[in-house]
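Accompanying notes for the structure given below.
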Amino acid sequence: MSMDHSDEVNSSCANAAADRARLVIFVGGFDPRGARHYHQMMRSESQKQAAVSGKGEYVIGSRDKWLSGREEKPIHSLWSVRQQEAAENAATDFLFFDWHDQVRANWPEGRATVFRQALGTYAAIWRLRQWLKPIHEQARFTLWALAYPIVYLALVCLLGAGLGMALGSVIASGAWVGALALFVWVFVCWGGFVLDGHIHVSWLLRILNFAHLSSNQAFPVLDARMEALAADVAKGVRENRWREVVVVGFSVGTVQAVKLISILRQRMAIDQVGATSSMLASPPYGNLLSLVTLGNCIPLFGLFPGAAALRRTLRELAQDEAVYWADISSPSDSVCFGMCDVVGLSLREDGLCKPKASGPALKTASKIEQWGVNPQAVCSPRFHKLFHAASYRWLRRNKMRMHFQYLMAGEIAGAYDYFELLSSPGLIRDHIQKKLVR
């Protein structure tokens, strides 16, 4: 085949792909709320964002079930996302990967259980303290936020004990001193539990506990669900249903998204008839598969010794040029690892030997050198540019609300617009490189 004819074929493939929708596979965080909640949130927040940006309404379609021939009962949900005034090729099929049943299975009902489990989690982290130094160098606010719950617990207990002993010695005498001190201690601890409902200490602990649990426990139901979905998507790719496939992971879902993109990559490599590895790294295959991580928690999960499989997957993904990975995480979100060497921080001793670069370094917007080829884009949503000063100060104090801002509207139009990101025409990598990478 001549070079001119090859270029003509690639151009023809690109034009044909532009007429098809994008498939976004969204993997949410460690949240017991399912597709209904996120669909309603997208509808309400997209209306707010449209009013702010002035670019026209976002149209969020009705929620349907993703039909699969490999599962007896439909699990995942599907709806459309598009801008009302945009061309048809800007439409997106939004597939909500549902794993909230697995979250609920590992979601303790009582906060007392959460705090008790946290003692084991912090003990495990203390044994790994040698690997905390690079995290402190690149994401010290995140490390402080993860230490915040244990400090909070210690302060509540000490405050209760101190007040109890002080009041007991002043008000009571004899045997009543101990009884009054115990009563005051219990009352203060109860107040700490009530306050937790507003400052979300137990929410942070649930994430920490699940990271620890994930390193020692297999999740066969979740793994089988990913395999089934990857097979369905690979079939759709063979049938030319979408112009590109983008896996979007949010929060703890970024860890599951890394696993899913790896399974999908392997499935597509097997199913593409006659496609070699070199073909999969060049057009039209090379533009097909992307990963976007929002508010990533990946290094937290890679920290524990039992997470060898995750570290192996990360190592492979970091060197896979056929996948475009963009990490969009804010340093102001102290629950995530923003503008960091995400892979390098996750690999522990496995990352001490960096792979040799096969080409010129890509512009990532991060001052931190990346361990491998991926993520090819490391950028911040710059939340401080999306809010007025007073609102942003409130947002910084509310860790949980800040963490969910990736999926929500801002007050001021800016470069980061979640709904524009989903519904943008062309390839998502082009939108990210143009709007977010500086």
Side-chain angles (χ1 to χ4, degrees), residues 11-28 35-36 38-68 74 76-98 229 232-250 257 260-261 264 268 283-285 287-292 294 324 326 328 406-409 413 415-436:
S11 177
S12 174
C13 290
N15 291 334
D19 295 332
R20 299 192 293 271
R22 167 189 295 131
L23 175 66
V24 167
I25 305 172
F26 176 80
V27 188
R36 182 168 178 248
Y38 282 87
H39 181 251
Q40 290 176 343
M41 182 172 72
M42 181 178 284
R43 278 191 161 173
S44 61
E45 292 298 320
S46 64
Q47 291 176 3
K48 297 176 187 176
Q49 187 62 49
V52 167
S53 64
K55 297 178 181 178
E57 295 290 328
Y58 291 102
V59 180
I60 311 301
S62 59
R63 180 169 58 94
D64 299 312
K65 285 295 183 180
W66 169 267
L67 299 178
S68 170
H76 313 300
S77 296
L78 182 71
W79 60 83
S80 61
V81 182
R82 64 181 178 86
Q83 286 184 297
Q84 193 169 40
E85 298 177 0
E88 287 297 322
N89 64 355
T92 293
D93 293 335
F94 189 90
L95 196 167
F96 183 92
F97 180 86
D98 207 327
L229 180 61
D232 287 340
V233 172
K235 180 175 181 292
V237 168
R238 291 198 307 272
E239 297 169 352
N240 295 318
R241 288 179 59 184
W242 307 288
R243 70 176 182 271
E244 67 172 339
V245 177
V246 182
V247 178
V248 176
F250 165 64
L260 178 57
I261 201 81
L264 187 55
M268 288 173 62
Y285 299 109
N287 288 334
L288 190 61
L289 200 57
S290 296
L291 170 66
V292 177
L294 306 174
Y324 173 84
I328 306 173
Y406 302 94
L407 313 181
M408 304 178 81
Y416 181 78
D417 179 336
Y418 175 61
F419 311 99
E420 183 183 38
L421 176 72
L422 296 178
S423 61
S424 59
L427 298 175
I428 201 165
R429 67 186 65 189
D430 294 335
H431 176 83
I432 291 171
Q433 293 294 136
K434 178 181 177 182
K435 297 275 288 190
L436 297 174

Are [X] and [Y] packed together at the side-chain level, in the sense that at least one heavy-atom pair is separated by less than 4.5 angstrom?
X	Y	answer
Glu420	His431	yes
Leu422	Tyr58	no
Arg241	Leu23	no
Arg43	Gln40	no
Leu260	Leu291	no

Note to self: Would the distance check show the side chain of Arg22 and the main-chain N or O of Val246 forming a donor-acceptor pair, the cut-off being under 3.5 Å?
What the structure shows: no
Heavy-atom closest contact ([X] atom, [Y] atom, distance):
X	Y	value
Ala91	Arg82	CA-CB, 4.1 Å
Gln49	Ala409	OE1-CA, 3.2 Å
Ala35	Ser77	CB-OG, 3.4 Å
Phe419	Leu407	CZ-O, 3.7 Å
His76	Asp98	ND1-N, 3.0 Å
Arg243	Gly426	NE-O, 2.7 Å

Next item on the list: Assign the ring pair Tyr406 / Tyr416 to parallel, tilted or perpendicular, where the plane angle (0 to 90°) is split at 30° and 60°.
Entry: perpendicular
Note to self: Under the side-chain contact (heavy atoms from CB on, under 4.5 Å) test against Val24, which residue among Thr92, Asp93, Val247, Val292 passes?
What the structure shows: Thr92
Next item on the list: Identify the residue among Leu95, Leu264, Ile428, Ile261 that makes a side-chain contact (heavy atoms from CB on, under 4.5 Å) with Val245.
Entry: Leu264
Nearest 0.5 angstrom please: [X] [atom1] to [Y] [atom2], how far?
X	Y	atom1	atom2	answer
Asp430	Ser424	CG	OG	8.5 Å
Ser423	Ile60	OG	CD1	8.0 Å
Asp232	Leu67	CG	CG	9.5 Å
Asp417	Lys435	CG	NZ	7.5 Å

Note to self: Testing the 3.5 Å rule here: is there a donor-acceptor pair between the side chains of Tyr324 and Gln433?
What the structure shows: yes
Note to self: Checking Arg63 against Phe96 for the side chain to side chain contact (heavy atoms under 4.5 Å, CB included) test, could you report, in this order, the C-alpha distance in whole Å, the side-chain angles of both residues, the deciding distance, and whether it holds?
What the structure shows: CA-CA 10 Å; Arg63 180 169 58 94; Phe96 183 92; over 6 Å; no
Notebook entry, point to check: Can you name the ring pair (Phe, Tyr, Trp, His ring centres under 6.0 Å) partners of His39, sequence neighbours left out?
Noted result: Trp79
Notebook entry, point to check: Does the pair Trp242 and Val233 meet the rule for a side chain to side chain contact (heavy atoms under 4.5 Å, CB included), with working shown?
Noted result: CA-CA 10 Å; Trp242 307 288; Val233 172; 4.2 Å; yes
Notebook entry, point to check: Any ion pair linking Arg429 and Glu244 (charged N to carboxylate O, less than 4.0 Å)?
Noted result: no
Next item on the list: Determine whether more than 12 heavy atoms belonging to other residues, nucleotides or ligands lie under 6.0 Å from atom NZ of Lys434.
Entry: no
